[in-house]
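Read through the structure below, which is laid out as structure tokens, and then see the notes.
Note that the numbering runs from 1 along the sequence shown for the chain.
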Amino acid sequence: QLTLVESGGGLVQPGGSLRLSCVASESTFENYAIVWFRQTPGKEREGVSCVSRSGQVTKYGDSVRGRFTVSRDNAKNTVYLQMNTLKPEDTAVYYCAASPYLQENYCSIYADEGEVAYWGQGAQVTVSA
């Protein structure tokens, strides 16, 4: 089974940057679209970004578009989420999730639990002065 290990979270000041990494255990990683979600107490899970199997199709939620950039390096079995101009409202636990069902042109931040098969352990991002 595919495992996903996240790293790169931490505490940052408003306006700062962080880069999250999501590293997969298997070379079959290239057969999965990757969706980034975030969750905070009292809020519904929010789709942040999606990157297609090839890395050529990317999607972003309205709240992060223009500030976040997702990319992947299939040779390293790794997906990155570069987060710039961070705001306090970006504070959340960020999860990467792998979908074997979302084909190249259907990468979506609106994927539900039935559309993803594997989850990372979560990375805490805290934005505070």
Side-chain angles (χ1 to χ4, degrees):
Q1 298 292 294
L2 190 71
T3 58
L4 303 172
V5 178
E6 299 179 45
S7 62
L11 175 65
V12 66
Q13 292 184 330
S17 298
L18 287 172
R19 187 178 73 164
L20 301 181
S21 297
C22 177
V23 181
S25 61
E26 301 177 2
S27 60
T28 53
F29 180 66
E30 66 183 5
N31 297 322
Y32 297 86
I34 300 296
V35 185
W36 288 94
F37 298 97
R38 66 187 182 186
Q39 190 166 42
T40 58
K43 296 180 64 177
E44 292 185 345
R45 184 187 65 187
E46 178 185 14
V48 174
S49 185
C50 182
V51 60
S52 68
R53 296 170 179 178
S54 72
Q56 297 303 300
V57 177
T58 58
K59 300 291 178 64
Y60 300 93
D62 290 343
S63 63
V64 306
R65 187 175 295 108
R67 299 187 296 118
F68 290 12
T69 303
V70 67
S71 61
R72 72 189 295 164
D73 185 344
N74 285 341
K76 296 181 178 179
N77 294 336
T78 302
V79 165
Y80 305 98
L81 184 67
Q82 179 69 45
M83 304 182 292
N84 297 327
T85 319
L86 283 161
K87 304 175 180 180
E89 49 263 49
D90 294 318
T91 296
V93 178
Y94 286 72
Y95 298 90
C96 61
S99 173
Y101 308 114
L102 299 177
Q103 298 187 33
E104 184 70 13
N105 295 321
Y106 295 90
C107 196
S108 175
I109 65 169
Y110 303 110
D112 61 27
E113 291 85 353
E115 299 297 326
V116 297
Y118 307 102
W119 292 81
Q121 83 280 10
Q124 177 69 52
V125 172
T126 302
V127 185
S128 180

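Without hydrogens or angle criteria, Tyr60 side chain to Val70 main chain gives a donor-acceptor distance under 3.5 Å. Within the 3.5 Å criterion, the main-chain N or O of Arg19 finds no donor-acceptor partner in the side chain of Gln82. Under the 3.5 Å distance criterion, the side-chain polar atoms of Gln121 are matched with a main-chain donor or acceptor of Glu6. The backbone N or O of Asn31 lies less than 3.5 Å from a partner atom in the side chain of Arg53, making a donor-acceptor pair. Between the side chain of Thr28 and the main chain of Glu26, no donor-acceptor pair closer than 3.5 Å is present.
Residues satisfying the ring-ring contact (aromatic ring centres under 6.0 Å, His included) test with Tyr94, not counting sequence neighbours, are none.
The cationic atom of Arg45 (NZ for Lys, CZ for Arg) lies less than 6.0 Å from the six-membered ring centre of Phe37 and within 45° of the ring axis.
Once rounded to the nearest 0.5 Å, the distance linking NZ of Lys59 with CD1 of Ile109 reads 9.0 Å. A distance of 8.5 Å separates CG of Leu11 from CG of Leu18, quoted to the nearest 0.5 Å. Taking CD of Glu46 as the start and CD of Gln39 as the end, the distance is 11.0 Å to the nearest 0.5 Å. Atoms CG and OH, on Asn74 and Tyr32 in that order, are 12.5 Å from each other to the nearest 0.5 Å. Rounding to the nearest 0.5 Å places CG of Leu4 at 4.5 Å from SG of Cys22. Put simply, OG on Ser52 and CG on Leu102 are 10.0 Å apart, with the number rounded to the nearest 0.5 Å.
Placement of Leu20 and Val12 within a single hydrophobic cluster is found when ILVMFWY residues are connected by side-chain heavy-atom separations under 4.5 Å, directly or transitively.
Closest of all the heavy-atom pairs between Ala33 and Cys107 is CB-SG, 4.4 Å. Across every non-hydrogen atom of Leu2 and Ala24, the tightest pair is CD1-CB, 3.9 Å. For Val35 against Cys50, the heavy-atom pair with the smallest separation is CG2-SG, 3.9 Å.
Within a 6.0 Å sphere centred on CD of Gln103, heavy atoms belonging to other residues, nucleotides or ligands number 12 at most. Atom OH of Tyr106 has 12 or fewer heavy atoms from other residues, nucleotides or ligands within 6.0 Å.
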> side chain to side chain contact (heavy atoms under 4.5 Å, CB included) between Val127 and Lys87: does it pass, once the steps are laid out?
Replying inline: CA-CA 6 Å; Val127 185; Lys87 304 175 180 180; 5.5 Å; no
> Can you check side chain to side chain contact (heavy atoms under 4.5 Å, CB included) on Leu86 and Phe68, steps first, answer last?
Replying inline: CA-CA 9 Å; Leu86 283 161; Phe68 290 12; 3.9 Å; yes
> Yes or no on side chain to side chain contact (heavy atoms under 4.5 Å, CB included) for Met83 and Val125, after CA distance, side-chain angles and deciding distance?
Replying inline: CA-CA 10 Å; Met83 304 182 292; Val125 172; 3.8 Å; yes
> When you look at Leu81 and Ser49, which way does the side chain to side chain contact (heavy atoms under 4.5 Å, CB included) test go after all the steps?
Replying inline: CA-CA 8 Å; Leu81 184 67; Ser49 185; 4.2 Å; yes
> Hey, mind stepping through Arg65 and Asp62 against salt bridge (charged side-chain N to carboxylate O under 4.0 Å, His left out) and telling me if it holds?
Replying inline: CA-CA 5 Å; Arg65 187 175 295 108; Asp62 290 343; 2.7 Å; yes
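Shown are Thr91, Val93, Val64; of these, the side chain to side chain contact (heavy atoms under 4.5 Å, CB included) with Arg38 is made only by Val64.
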